[in-house]
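Beneath this line is the structure, given in structure tokens, with notes to follow.
Here, residue 1 is the first one in the sequence, and each next residue gets the next number. Everything numeric in this text was worked out from a predicted model, so none of it was measured.
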Amino acid sequence: MFNGKKVAVVMPAYNAAKTLLKTYREAVAQPFVDRIIVVDDASGDDTYEIARKLDKVLAYRKDTNTGYGGNQKQCYKLALEDGADIVIMVHPDYQYTPLLIPAMAAMIGNGLYHCVLGSRILGGCALRGGMPFYKYVSNRFLTLTENWFLGQKLSEYHTGYRAFSRELLEKLDLSGNSDDFIFDNEMLAQIAWTGTVIAEVSCPTKYFEEASSICFSRSLKYGLGCLGVSLRYRLAAWKIKNWKLLKPENRNILEPHEEAFD
């Protein structure tokens, strides 16, 4: 726990048997971690069998594959049901180091922020960590565009390393979000809509054969989807066209914890 708040690490997993143990061992060794939740999205390997034998792990296996977004929905649902106050999502492919878990938990647990992202771009280590150049360029272009449409100043929107307060997760209705990769962008749009300040920490990243990735065609589809999310957000903010994911009653309802800055 951190400041009396239960910390859960959620891992949306799919065919992660080769990297799950390495990610788990580093995560469970971090201070404050009370629970690790692994949701196996009907993998074709031993992901679930490995996870269910590990200490502090709540393992859940889906009978059918529901996609990356569908997996995350289950992760957050289980974390809240388990009583988590701070929920940190990290991919189990060991592309992101769990060593940042204490820092991200502290930023939320001390009342500074409701949402913290682990950014591969801050610090300038993305390319040195092996990020393909076309993905780096796409990341920078999409982030620039999304910042303008959403009125943010983030270094990237596409990280798989995220931390949330229970208060924030309970205010978000994720049921209508995509079950595909665009879920991440839709969720950030919903968070920005609530007025939440989104914090970032610099996160080193590693690209290697076992790390999960999507092909160029899926990346292109994802990029177009991100632009669509941004445009829908701006139209809703200008009150030109409503978007069901951005509820009018949730507009600017979650301000920063001002007492943290007194």
Q. Do Thr143 and Asn147 get their side chains close enough for a donor-acceptor pair, meaning under 3.5 Å?
A. no
**Q.** Tyr157: partners by ring pair (Phe, Tyr, Trp, His ring centres under 6.0 Å), with sequence neighbours left out
**A.** none
Q: Any pair with a residue in residues 140-149 that passes salt bridge (Lys or Arg N to Asp or Glu O under 4.0 Å), sequence neighbours left out, goes on the list, sorted by first then second residue, please.
A: none
Q. Looking only at side chains, do His91 and Tyr14 share a donor and an acceptor under 3.5 Å apart?
A. no
Can you list, pair by pair, the side-chain donor-acceptor contacts under 3.5 Å of residues 237-248, counting residues two or more places apart and other chains?
none

**Q.** ring pair (Phe, Tyr, Trp, His ring centres under 6.0 Å) partners for Phe183, two or more places apart
**A.** none
Q.
For Asn250 and Gln190, which I'm curious about, is there any donor-acceptor pair between the side chains at under 3.5 Å?
A. no
Q | Pair listing, salt bridge (Lys or Arg N to Asp or Glu O under 4.0 Å) test, anchored in residues 20-29, at least two apart | A | none
Q. Among Val7, Val9, Leu99, whose side chain to side chain contact (heavy atoms under 4.5 Å, CB included) with Gln30 holds?
A. Leu99
**Q.** Neighbour count >12 (heavy atoms, 6.0 Å) for atom CZ, Arg232
**A.** no
(Q) Is a donor from one side chain sitting under 3.5 angstrom from an acceptor on the other, for Ser155 and Glu200? (A) yes
Q. Do Gln74 and Asp41 meet the criterion of a side-chain donor-acceptor pair at a distance under 3.5 Å?
A. no
(Q) I need the single residue from Asp179, Asp180, Asp173 that forms a salt bridge (Lys or Arg N to Asp or Glu O under 4.0 Å) with Lys73. Which is it? (A) Asp179
(Q) Between the side chains of Lys6 and Asp82, is the shortest nitrogen-to-carboxylate-oxygen separation below 4.0 Å, so that they form an ion pair? (A) yes
Q. Which of these passes side chain to side chain contact (heavy atoms under 4.5 Å, CB included) with Met11: Thr47, Ile88, Leu20, Ile37?
A. Leu20
Q: Give, for atom CG of Leu188 and atom OG of Ser230, the distance between the pair rounded to the nearest 0.5 Å.
A: 10.0 Å
**Q.** Pairwise salt bridge (Lys or Arg N to Asp or Glu O under 4.0 Å) hits with a residue in residues 51-66, at least two apart
**A.** Asp40-Arg61
Q. Do Thr196 and Leu168 touch side chain to side chain, with heavy atoms closer than 4.5 Å?
A. yes
Q: Mark yes or no for whether Ser43, through its side chain, and Asp45, through its backbone, hold a donor-acceptor pair below 3.5 Å.
A: no
